[in-house]
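Heads up: the structure comes next, in structure tokens.
Numbering of ligands and ligand atoms starts at 1, following listing order.
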Amino acid sequence: MKPIYSGKAKTIYEYDEDKVLIEFRDDITAGNGAKKDVKKGKGYLNALISSELFKILEESGVKTHFIKYIEPNKILAKKVEIIPIEVIVRNIAAGSLCKRYPFKEGQELKEPIVQFDYKNDEYGDPMINEDIAVNLDLATREELKEMREIALKVNDILKKYFDKKGIILVDFKIEIGRCKDGLVVADEISPDTMRLWDKETRDILDKDVFRKDLGDVIAKYKIVAGRLGIIKKEDNYV
Ligand code: UDP
């Protein structure tokens with residue numbers, strides 16, 4: 001199978017006319033590729049965690065591109081046209097929000113913040129509003145309204161789900177695609193694209209461990225998969 005796209009951590013292959021195979025690689029990057037490494041087992045853990053979260057969303061009535069998990073590090077998904085907007089939802093202030101605005105790191109937000117960033121490396125993924133998105137022909141007003149609704153629904157579902165597993169969903173990013181079924185959640189949902197803190201200790205369990213050199217990032221991703229009950233003790237992919 002020939003790759004149709006290769007990004008910083010995933011390679012996409014055409015499976016057939018309306019499906020793609022998404023391979024999660026062990027590459028890890030931060031700061032728009034400025035910091036790079038390879039972490040054995042990361043592709044496996046992210047494919048596994050993403051698959052579980054897509055299943056949870058589907059069971060709760062959110063449409064996604066997910067079809068099935070293929071061991072160890074791939075998923076079969078519907079082919080979609082990705083809307084080049086990163087939809088970010090925040091429950092607790094962290095990361096760029098605290099750099100740009102007077103929020104304190106770790107501060108609980110009064111209500112979730114939904115943020116649209118334009119996926120464009122050349123311009124440094126700038127935050128945009130509806131008017132900019134419409135004028136750049138990224139999406140229609142109707143789509144943007146639906147994207148916000150989808151993002152908030154995903155947040156409601158995943159926040160409750162992680163809470164039951166002893167994890168705080170601080171913030172996350174999703175990508176949304178167009179397909180025959182309308183708008184669907186696509187790409188990945190993994191500790192690469194979410195901030196996850198232990199509920200008791202506030203220990204960081206996501207890619208910030210790599211971004212900020214806080215230790216063994218794979219050990220943290222394993223904790224997440226363990227809490228979700230999806231990692232098999234006997235598996236030897238990590
Ligand atoms: N995020 C992502 N990809 C990006 C930018 C952000 O997956 O290109 C995720 C990030 O992991 C975090 C959330 O979106 O869970 C909010 O990120 P933020 O805007 O704080 O950016 P950062 O501080 O990570 O640069």
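Atom NZ of residue Lys220 and atom CG of residue Leu214 lie 8.5 Å apart, to the nearest 0.5 angstrom.
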Close N/O pairs between ligand 1 and protein, under 3.5 Å:
unit_1	atom_1	unit_2	atom_2	d
ligand 1	8 (O)	Glu86	OE1	3.2
ligand 1	8 (O)	Glu86	OE2	3.2
ligand 1	11 (O)	Arg211	NH2	3.0
ligand 1	15 (O)	Asp171	OD1	2.6
ligand 1	15 (O)	Arg195	N	3.4
ligand 1	19 (O)	Arg90	NH2	2.7
ligand 1	19 (O)	Ser96	OG	2.7
ligand 1	20 (O)	Arg90	NH1	3.3
ligand 1	20 (O)	Ser96	N	3.0
ligand 1	20 (O)	Ser96	OG	3.2
ligand 1	20 (O)	Arg195	NH1	3.0
ligand 1	23 (O)	Ser96	N	3.1
ligand 1	23 (O)	Arg195	NH2	2.9
ligand 1	24 (O)	Arg195	NH2	3.2

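Here the options are Lys180, Lys79, Lys78, the test is salt bridge (charged side-chain N to carboxylate O under 4.0 Å, His left out), and the partner is Asp18; only Lys180 passes.
Salt bridge status for Lys173 with Asp125: absent, with no side-chain N to carboxylate O gap under 4.0 Å. Between Asp121 and Lys8 there is a salt bridge, with a side-chain nitrogen of the basic residue lying less than 4.0 Å from a carboxylate oxygen of the acidic one. Look at Asp206 and Arg195 and you find no salt bridge, because none of the NZ, NE, NH1 or NH2 atoms lies under 4.0 Å from a carboxylate O.
Under the 3.5 Å distance criterion, the side-chain polar atoms of Asp26 are matched with a main-chain donor or acceptor of Lys42.
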